[in-house]
Each structure stands twice: as C-alpha cells, then as structure tokens.
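Here the structure is laid out as structure tokens; the discussion comes afterwards.
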4 protein chains.
Amino acid sequence: MEKNRLEAFSDGVLAIIITIMVLELKVPSAVEHGSHTAELADLKDKLPVFLSYVLSFIYVGIYWNNHHHMFHATKHVTGGILWANLHLLFWLSLFPFTTNWMGENHLAPVPTAAYGFVLLMAAIAYYILQHTIIASQGRDSLLAGAVGKDWKGKLSPVLYLAAILLAFANVWLSDGLFLLVALIWLVPDRRIERVLAKRER
Amino acid sequence: MEKNRLEAFSDGVLAIIITIMVLELKVPSAVEHGSHTAELADLKDKLPVFLSYVLSFIYVGIYWNNHHHMFHATKHVTGGILWANLHLLFWLSLFPFTTNWMGENHLAPVPTAAYGFVLLMAAIAYYILQHTIIASQGRDSLLAGAVGKDWKGKLSPVLYLAAILLAFANVWLSDGLFLLVALIWLVPDRRIERVLAKRER
Amino acid sequence: MEKNRLEAFSDGVLAIIITIMVLELKVPSAVEHGSHTAELADLKDKLPVFLSYVLSFIYVGIYWNNHHHMFHATKHVTGGILWANLHLLFWLSLFPFTTNWMGENHLAPVPTAAYGFVLLMAAIAYYILQHTIIASQGRDSLLAGAVGKDWKGKLSPVLYLAAILLAFANVWLSDGLFLLVALIWLVPDRRIERVLAKRER
Amino acid sequence: MEKNRLEAFSDGVLAIIITIMVLELKVPSAVEHGSHTAELADLKDKLPVFLSYVLSFIYVGIYWNNHHHMFHATKHVTGGILWANLHLLFWLSLFPFTTNWMGENHLAPVPTAAYGFVLLMAAIAYYILQHTIIASQGRDSLLAGAVGKDWKGKLSPVLYLAAILLAFANVWLSDGLFLLVALIWLVPDRRIERVLAKRER
C-alpha cells in the first residue's frame with residue numbers, strides 16, 4: 001500500500017507537469033500582432049514553443065514509463081526512497097519553466113543551456129533514486145539485475161553536459177543532442193520487463 | 001497493476017485538461033471595458049469562449065468515457081500501448097489551446113480549422129491506440145469483437161476533415177459538424193458493454 | 001472497478017478545482033499599487049477575493065464529501081450515471097471563474113447573481129445524478145433509503161434562487177444565503193452513514 | 001475504501017499544490033528587461049523566487065510524507081476526520097500564493113510574516129487533524145502511541161510564531177527559522193514506522 005500511494009502521488013505530479021506545459025502555449029493576442037490574431041502566421045510564431053513542448057512531452061513520457069517499470073520491480077518503500085523520489089519530481093517540475101523559456105527564445109544560448117541543466121539534474125536524480133532503491137532491496141534484487149550495466153543512464157548525463165556546453169557555440173547542436181537522448185530512451189526499457197518475465201513465470 | 005497505473009495516469013491528465021480549459025474563461029477586467037466590469041454585457045462577450053468550452057468539455061468527456069471502456073476490455077499493457085496512449089494524451093492536451101483560440105476569435109477560419117485539426121489528430125491517435133491494443137490482445141479478443149466495424153471511428157475523421165476545409169468557406173458549417181460528431185459519440189458506446197455482458201456472465 | 005475509475009476521475013477534477021481557485025489570488029503587483037507591493041494594505045484589498053475563495057472551498061469540500069457518500073452507496077455504474085456525473089463536474093468547474101469574478105467585484109449584483117446561478121445549476125446537476133443512480137439501483141436501494149425526503153437537496157435550490165434575485169436588491173443578503181446553505185450542508189450527511197451501518201453489520 | 005479515497009483526494013491536492021507553485025516562476029519577459037530576456041542575469045533575478053519555491057517544495061514534501069504515515073496508522077475515517085483533513089488542505093493550498101509573494105518581495109517583512117502565518121495555520125491544522133484521528137481511534141491506538149510526546153509538532157508553531165515576529169526586525173532570521181523547522185522535519189518521522197513494525201509482525 002505504501003508503494004501504491006507513492007506511485008499515485010508521482011503519477012499525479014507527472015500528469016500535472018505534462019499538462020501544464022501546454023498552458024504556456026498562449027493564444028496569440030491582439031496586443032502582439034495588431035488586429036491579425038487569427039492567421040496562420042500566428043501559429044508559425046508559436047512553432048518553436050510548440051516543438052519544445054513536444055520534446056518535453058516525450059521526456060516526461062519517458063520518465064513516467066521508466067518510473068513505472070522501476071517501481072514495478074520495487075518491493076517496499078523506505079523514507080530514503082520517498083525523498084529520492086521527491087527530489088526527482090522537483091527537477092521534473094522545472095520542465096515547464098525551461099521548456100517555455102527555451103521555446104520563447106530559440107537560438108538563445110542561456111535558455112538552451114538551462115533546459116539542458118534541468119535535464120541533467122533530473123537524470124542525476126533518477127540515478128540517485130535507482131541506487132537508493134537497489135541499496136534497500138539488495139544487490140541481487142530484481143531491479144539490480146534488470147538495470148545491469150545501465151549504459152543509457154550513464155551516457156545521458158554526458159550528452160546533456162555536452163549539450164549545455166555546445167549551447168554557447170551552436171544551439172542547433174544542443175537541440176540535436178536533446179533529441180538524440182530522447183530517441184535513445186524512447187526505445188522502451190525492456191530490461192526490467194524481460195527479467196520480470198523470466199522470474200515471475 | 002500495470003493497467004491500473006496507465007488508467008490512473010490517463011485519468012489524471014484528462015481531469016487536468018477538462019479543468020484547466022476553464023482557466024481561460026478570464027474574469028472580465030477593467031482594462032478591457034472601462035469601469036463596467038461587472039455587467040451582464042461582460043458575460044455576453046464571453047459567450048463564444050463559454051460555448052467552445054462546453055463543446056470541448058463534452059469531447060473530453062466522450063474520450064474519457066470511451067478510454068474507460070476500451071481499457072476495461074484490455075488485459076495487459078505493452079510498451080507500444082503505453083506510447084500509443086501518450087500519443088493520444090498529447091493531442092488531447094492541445095484542446096485547451098485550440099478551444100480558447102477558437103472562442104476568442106469566433107467566426108475566424110484559421111482558429112476554427114486548428115480546432116478541427118487537433119480533433120482530427122486525436123481521432124487518429126485513438127484509432128492507432130485501439131489497433132495497438134487489438135494487435136496485442138489478438139484478433140478474436142473482447143475489444144476486437146466489441147469494436148466491430150467501428151463506423152463511428154471511421155466516419156469521425158472524415159467529418160473533421162470536412163469541417164477543417166469548410167472553415168474557410170463558412171465557419172458555422174464547421175461548428176455544426178463539430179457538434180454533429182459530438183452528438184454521434186454522445187450516445188454511449190454500448191458495443192463493449194454488450195459484448196462484456198455476453199461473455200462475462 | 002468501473003466505479004473506482006469514476007470516483008478517481010471525479011476526485012481528480014474536484015482536487016484541481018479546489019486548488020486552482022487559489023491561483024486567482026494573484027500576488028499584488030507593482031503596477032496596481034505603485035511601489036508599495038508588500039504592505040498589509042495589499043492583503044486587505046485581497047480580502048473579498050480571499051473570503052469568496054474560503055466559501056467556494058467549503059462548497060467544493062461539501063460536494064466532495066457528499067459525492068463520496070453517494071458513490072459509497074452505489075453498486076454499479078451505467079452510461080447514464082457517467083454522464084450525469086460529468087454534468088455535475090461541468091458546473092463545479094465553473095466555480096473558480098464565478099468565485100474570482102464575485103471576489104474582484106464584491107457588492108456588484110451581476111457577479112453575485114452569476115455565483116448563485118452556478119451554485120443553483122450544480123445543485124440541480126447533483127439532484128439529477130442522485131436520481132439517475134437511484135433509478136438504476138432500484139427504489140428500495142441503499143441510496144434511496146438514505147436520501148429519504150432529502151429536504152436539504154430540495155431547500156438549497158430555493159435558497160440559491162432567492163440569493164440570485166436578492167443580489168439585485170442587496171448583495172449582502174445573497175452572501176448571507178450562500179453562507180446559510182453552506183452551513184446547512186456542513187453538518188455531515190449522516191443519513192447514508194446511518195443506513196449503511198444498519199444494513200452492513 | 002473510505003480511507004483510500006480520502007488519501008487519493010489529498011494526494012491529488014498536494015500534487016497540484018507542489019506543481020503549480022512552479023507556474024509562478026514566470027519566464028523573464030521582454031517588457032521587464034528590454035530586449036535582453038535570455039541572459040544569465042535574468043535567472044539571477046529569479047533566484048529569490050526559486051529559493052522560496054525550493055523551501056515550499058520541501059515543506060509540501062514533508063506534509064505529504066507525514067500525512068502518508070499518519071493515515072497508514074488510521075483505521076476508519078469519520079466525518080470529523082474528513083473536515084479536519086480539508087481544513088489542512090485549505091491552508092496548504094495557500095502555499096503557492098505566499099511562496100510567490102515572499103519570493104517576489106524578498107527582504108520585505110509583510111510577505112515574510114504572511115508566509116510564516118500560513119505555515120503556522122497549516123501546523124495547527126495538522127495538529128487538529130492528528131488529534132481528531134486519535135480521538136476517533138482511541139487513546140491506546142497505533143497513532144497515539146506513535147505520536148507520543150510529539151515534541152516536533154509542539155515546537156514548530158512556536159518557531160513559526162517567532163519567525164512571524166522577527167520578520168519585522170530582520171527577515172533573514174525568519175528565513176533561518178523556516179529552514180530550521182524544515183530540517184527538523186526532514187528527518188523522516190520514524191516513530192510510526194517503528195511502532196508499526198513492532199505491532200504488525
């Protein structure tokens with residue numbers, strides 16, 4: 001039951017994060033564009049905001065997906081796990097802010113680097129959560145076996161760091177790296193599913 | 001358990017979408033109307049926004065209702081189903097944006113067409129989700145039998161497409177089609193209920 | 001399971017409604033007050049908004065509470081119940097709008113009447129939902145027995161109607177009636193609890 | 001089941017509170033800063049808002065954590081418990097408002113005192129909820145034993161009161177006290193866990 005409530009709370013926070021990002025997609029207002037507020041050109045202005053929303057939607061989807069699998073392989077929840085989970089949710093809760101800042105100022109290095117920084121911190125928080133769970137469940141636990149060498153988890157922070165630095169040289173390189181990491185993770189994490197299938201039946 | 005968490009997450013996102021749309025019903029402010037900010041005329045100005053909110057509320061209600069029935073007839077959840085579901089939620093998450101844009105610019109063709117486009121994409125995403133589930137549950141599954149010929153699912157995208165094109169001729173025709181599709185679906189989808197009742201007892 | 005998901009969705013919507021109302025409690029901005037944006041006087045200006053928030057919080061609390069009891073006494077959910085429930089949620093979703101409009105324009109008759117109108121429609125929607133459930137569960141069901149003569153449910157719409165009309169004479173009388181109805185309902189609805197206790201054990 | 005729905009509703013409200021606070025982290029706009037809206041200096045301006053967000057995030061995390069443990073040790077829910085819980089949620093729902101007001105006006109005494117006042121009222125509401133539960137479960141209940149002398153619960157309101165008063169002398173002292181109380185509670189409440197472990201197995 002403990003675990004259920006942690007999952008429900010996390011699902012609630014992730015559902016809100018993924019949905020409120022779209023609140024930043026403000027309706028084009030008469031003030032900005034004179035009287036032409038209902039033209040296709042208005043949508044074109046919104047394109048960078050929209051694309052950064054799509055990217056962040058995918059990232060939150062990936063986190064929800066992996067969070068889901070990770071806790072499926074978790075037996076009991078300790079105080080340490082609760083706080084490591086809240087720490088992850090904290091960094092994820094900053095996604096709407098950096099998503100919108102980057103979208104409103106595409107091609108600007110600082111917002112792009114800030115977007116990368118929040119991704120980096122979320123990846124580190126996920127890593128800490130994963131290790132807190134493994135530490136409490138035992139080295140030979142289901143999750144430890146499923147995570148294995150965790151090359152994705154180790155590669156991602158390196159790519160985020162590169163994206164942060166590259167933002168000051170060429171923003172498109174950073175954007176490309178953000179997309180690359182998303183694609184790496186979009187391939188569903190079958191490791192836990194596989195190990196579960198092996199053990200459970 | 002897998003399924004429960006996907007349903008809970010989807011319910012969370014749908015609950016937020018249906019509720020934040022009303023945030024766009026901004027209180028009439030003194031800036032817009034001089035000092036008369038508490039008159040009946042203020043509400044009349046809000047009428048198109050209000051009516052587009054009602055329409056979208058009904059659409060989200062229909063999606064929640066059908067989503068509910070669809071997953072009731074689903075046994076296990078795969079990675080593909082998870083992502084097809086997120087894809088549907090993505091398009092639904094754009095409802096508040098297009099609802100408000102259309103409401104603020106009623107009689108304008110582009111926002112009306114944009115509203116129709118998001119409805120069309122959501123319908124396609126629903127279709128993909130349905131087929132992903134059927135593909136994983138088997139052709140002779142409960143859901144496959146219940147969906148049957150799925151004339152509603154096939155007719156709706158056609159009507160949305162017509163509404164998008166007609167928006168550039170006469171916006172009222174588009175509005176009429178949006179209403180028509182809602183009415184078609186408002187009749188609750190008894191197919192799954194019926195098949196369930198037949199099989200379960 | 002059907003029932004669980006309807007309850008979870010309703011809880012989600014009610015949780016969002018009760019929480020987003022406070023978003024309208026905007027931080028006093030420098031634009032409105034010159035440079036004095038952090039004085040006690042700023043809070044005093046917010047008092048009507050705050051009090052209307054408190055009133056609406058209590059109303060949503062009452063609805064959640066009674067909704068909770070009503071579905072506790074409900075066995076199975078039909079399509080009609082689903083839509084009657086969505087209809088109730090629709091009117092409740094307008095609370096943040098009317099709460100803020102009344103708060104920003106206290107002593108103004110139209111926003112006060114609008115607040116009463118949404119309360120009236122929510123009360124009617126609750127009544128419809130209750131009767132839809134009783135109709136599907138049978139006249140001699142748990143809920144039918146628990147509701148009994150339902151004098152609260154019958155008195156409230158009359159008082160709301162009086163409040164709407166009185167708003168155009170004296171707003172304070174309307175405010176008094178809103179408070180009175182809240183107090184009538186604040187006494188928890190022990191009818192269902194009592195009948196449940198009698199039958200179940 | 002009663003308990004589950006109260007927990008789910010509370011989780012929903014807490015998830016929304018913790019997430020909407022970040023909505024106040026507005027993207028730096030061109031209006032405020034001329035054309036330089038994407039510089040590191042913009043983030044520096046946001047630092048007090050960000051730090052007050054971090055503090056409130058930790059507080060909501062603590063409340064969720066303790067709420068979780070408290071209801072884990074609760075058997076049945078009465079009408080009194082429902083309303084005591086809603087009373088707690090009411091004060092917690094004001095966190096986003098005071099967090100943002102304090103963040104936007106750091107070093108200003110009134111917003112700092114207001115932040116402390118809401119913390120104080122939430123602490124009192126938590127105390128009332130705890131005693132309502134103990135009163136209904138019996139003096140020798142699990143929760144009563146686990147809470148024990150409750151020195152944290154008794155010390156916190158005193159420290160909040162001191163912080164409110166000190167805000168008018170030196171805001172930094174108040175901020176220090178807010179941080180101190182958070183640190184006192186951050187140590188997870190192992191009392192209930194310990195008593196549970198003893199009794200259950």
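Each chain gets a letter, A, B and so on, in the order its sequence line appears, and its residues count up from 1.
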Does the ring center of A:Y53 lie less than 6.0 Å from the ring center of A:F95?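 Not under 6.0 Å, so no.
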Under 6.0 Å between ring centres: does that hold for D:W64 and A:F9?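 Yes, they do, as the ring centres are separated by less than 6.0 Å.
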For D:V54, is it the side chain, the backbone, both, or neither that has a heavy atom closer than 4.5 Å to a heavy atom of chain A?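 Contact with chain A involves both backbone and side-chain atoms of D:V54.
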For D:I16, which atoms come within 4.5 Å of any heavy atom of chain A: side chain, backbone, both, or neither?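 Both backbone and side chain.
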Between chain D and each of A:A15, A:A114, A:S93, count heavy-atom pairs under 4.5 Å; write down the option with the most.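 Most heavy-atom pairs within the cutoff with chain D belong to A:S93.
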Under a plain distance cut-off of 3.5 Å, with no hydrogens placed, do D:D175 and D:T112 share a side-chain donor-acceptor pair?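 There is no such pair (donor and acceptor under 3.5 Å, judged by atom type) between the side chains of D:T112 and D:D175.
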Could you check whether A:W185 and A:S156, counting side-chain N and O atoms only, form a donor-acceptor pair closer than 3.5 Å?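 A donor-acceptor contact under 3.5 Å links the two side chains.
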